[in-house]
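The structure appears right after this line, and notes come after that.
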Protein chains: 2
Amino acid sequence: MTKDHGFTAPAIDAIDHGDAFAHAVQAALDAKTKPPGSLGELERLAARTARIQRQMAPSIAHAQVIVFAADHGIAAEGVSAYPAAVTAQMVQNFLVGGAAICVLARCHDAALQIVDAGVDAKLAAHHLLLDRKIARGTASFARGPAMTPTQTRHALQAGIALGDALPPHSALIPGEMGIGNTASASALMHALTGLPAADCVGRGTGIDDATLARKRELVAAAVRAQGRGETAFSTLQRYGGFEIAMMAGAMLGAAARRQLVLVDGFIATAAAACAAQLAPALLDYCVFAHVSAEAPHRRWLEVLSVRPLLDLDLRLGEGSGAVQALPLVRSACAILSEMATFADAGIDDRGAAARS
Amino acid sequence: MTKDHGFTAPAIDAIDHGDAFAHAVQAALDAKTKPPGSLGELERLAARTARIQRQMAPSIAHAQVIVFAADHGIAAEGVSAYPAAVTAQMVQNFLVGGAAICVLARCHDAALQIVDAGVDAKLAAHHLLLDRKIARGTASFARGPAMTPTQTRHALQAGIALGDALPPHSALIPGEMGIGNTASASALMHALTGLPAADCVGRGTGIDDATLARKRELVAAAVRAQGRGETAFSTLQRYGGFEIAMMAGAMLGAAARRQLVLVDGFIATAAAACAAQLAPALLDYCVFAHVSAEAPHRRWLEVLSVRPLLDLDLRLGEGSGAVQALPLVRSACAILSEMATFADAGIDDRGAAARS
């Protein structure tokens, strides 16, 4: 048994940004009928997607939102504006199509699947619901490890299998629902980055000052008591939720298949940060869709040296921010796949030529 | 004849953000299954669109990109990285579907129309091309007024008619093409805002330092010689292009019919700024889609006290940035039109209730 309790991350190819293919993609972008670089982030996104898919004409053939739902022992410590029962109630809302992510996935032509990663309720079968329940909620990380090593491994592996099963040229959009999960993500941030607890804890669904102070103290005390963890696996096991571990796995499984991953807000970033410590090449496949209004998120993105595409003051989770980046990815693919070149269009390219 | 040479802007209703309807819209948003305000900019966009359309369930039934093309006398002074002939060549590229805006409009289900507002070429008839040619290019504003008063009025009126003709619940996305038009927009900014010419002039399609210095001096000298103009009409007449005047008209025509206007980058902002001086309520209907990489754009948006939705380092024009905001507007409408309420979904609303 290794230190990671039998868990091995899948092999992920690093994306080479300086190879012949990368240069060919850049040349193709520069030949399009526009001043070189004038489509900014869309051009960079186009180039990345092309390199990930190894296609000069990249495309998103399938966009898959997967919402991972689970409960958190820490919720019993009073760190959320909502009672834990809301997790299961929201799963029902996902299944009947009334939640934000349902509406937004329909709006942007993305498929939606809901995964019970560990909701503290017996959920009735439904064609959109996948039963991957690890347990009925984690233990409270204020009192000991949130998960057992075996639970952690199972959650990661279930996620990997989901990421692995996507059709070619997918975009994976992992979302989450779990009352208490910003506290879990905050503890993961505090433990993984070493930043002060105060910088890692925000208001989540909208807690008041007293609850915020309590949440900060709980996170700080837990990491003092349990330590930061010697590997990302052990950090995840101490503080993580089932949905966070399963999201991390899904990201790893997708990236191992050279699929694009659109990362949502604070909780999804917690999953990506854990996963990236297990397999650093993961970040080559991640588009950080937006910076959340959950205060510590901006800082965490800085620590990860990633630039979010959008800044829309969102803080809902569910994948609702990540799905907003999907039209931008589609725009990017279309530029590379469909635009005419100066030569095609018979246009005077003096400006571009002058600079090359 | 009035000082605006017979031009009268159409009447535009100001949007009341404090009336009973506005409160009802906010209450509807707060009842949706999410923490109040957690969808940030999307909620604000939903509320605005609802108020503009006077619909509790707003929608974008039709998205219309109109690309206005025209030539500029100032281009002969050597202020662009591309020769003026590129304007007409790009119109052909729009008509055959190879330009960025063609690809992006298709990608986001927007209709596309090209308007010859004053291209310096005889253009063959085409079903996508609308002939509204005022003249074969403006005069150089370095040597006198770019347009005559009559040309200015005709360009504005042609635009108004186009904005007026949109079907109900449209989003108008005005774009432009015109070699030399960043110089025109810079002169308009300098004259309208009174900011130093250096703050109003950028690199456009990608000019070098020497050309940038020359462009700045041309803009500064022109406004010194011709003055800022006593009305927005006269400012537009001195420095504006035919496509800028026609875009301004289209925005006015659309807003007069309570249609949403998605404003693109620097040139479109020049049109919106002129139009907003002719009819200040226009800005209630404008969503400033993005802040351009064209340096003065950010400053102009600040002067207008508007916050752009996106910051993607774009500087192409054509409406390519504005069309990226369309999926966000559709997301916003879907939230208000399709999401369940806490009551619908039978979800414990303790958190929201605690804060109300």
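Per chain, numbering begins at 1; letters A, B, ... match sequence-line order.
- Considering only residues two or more places apart in sequence or on other chains, A:Arg106 meets the salt bridge (Lys or Arg N to Asp or Glu O under 4.0 Å) condition with B:Glu338.
- Interface check for chain A: of the options B:Met90, B:Arg307, B:Gln89, the most heavy-atom pairs under 4.5 Å are formed by B:Gln89.
- To the nearest 0.5 Å, atom CZ of residue A:Arg203 and atom OG of residue B:Ser38 are 15.0 Å apart.
- For B:Thr33, the parts lying near chain A are the backbone and the side chain together; criterion is any non-hydrogen pair under 4.5 Å.
- Between B:Val86 and A:Ile347, some side-chain heavy-atom pair lies under the 4.5 Å cut-off.
- When each of B:Ser331, B:Gly321, B:Cys107 is scored by its heavy-atom pairs under 4.5 Å with chain A, the top score falls to B:Ser331.
- Between B:Glu41 and A:Asp311 there is no side-chain heavy-atom pair separated by less than 4.5 Å.
- Only the side chain of A:Leu310 comes within less than 4.5 Å of a heavy atom of chain B; its backbone N, CA, C and O stay farther away.
- If you tally non-hydrogen atom pairs under 4.5 Å between each of A:Met339, A:Arg44, A:Arg330 and chain B, the highest count goes to A:Met339.
- If you take NZ on B:Lys34 and CG on A:Asn93, they are separated by 12.5 Å, rounding to the nearest 0.5 Å.
- Within the 4.5 angstrom heavy-atom criterion, only side-chain atoms of A:Leu104, from C-beta onward, approach chain B.
- When heavy atoms are compared at a cutoff of 4.5 Å, B:Leu309 approaches chain A by way of both its backbone and its side chain.
- Comparing A:Ala85, A:Gly37, A:Ser80 by heavy-atom pairs within less than 4.5 Å of chain B, the highest count is held by A:Gly37.
- Contact annotation for A:Ala100: both backbone and side-chain heavy atoms come within less than 4.5 Å of a heavy atom of chain B.
- Contacts with chain A were tallied for B:Leu314, B:Leu316, B:Leu326, B:Leu328; B:Leu316 has the most, counting heavy-atom pairs under 4.5 Å.
- Chosen from A:Ser320, A:Gly40, A:Cys102, A:Cys333, the residue pairing most often with chain B at heavy-atom distances under 4.5 Å is A:Gly40.
- If you measure heavy-atom distances from B:Ala334 to chain A, the contacts under 4.5 Å come from both the backbone and the side chain.
- Counting heavy atoms from C-beta on, the side chains of B:Arg315 and A:Pro35 come closer than 4.5 Å.
- Counting heavy-atom pairs under 4.5 Å between each of B:Glu43, B:Lys32, B:Gln92, B:His108 and chain A puts B:His108 at the top.
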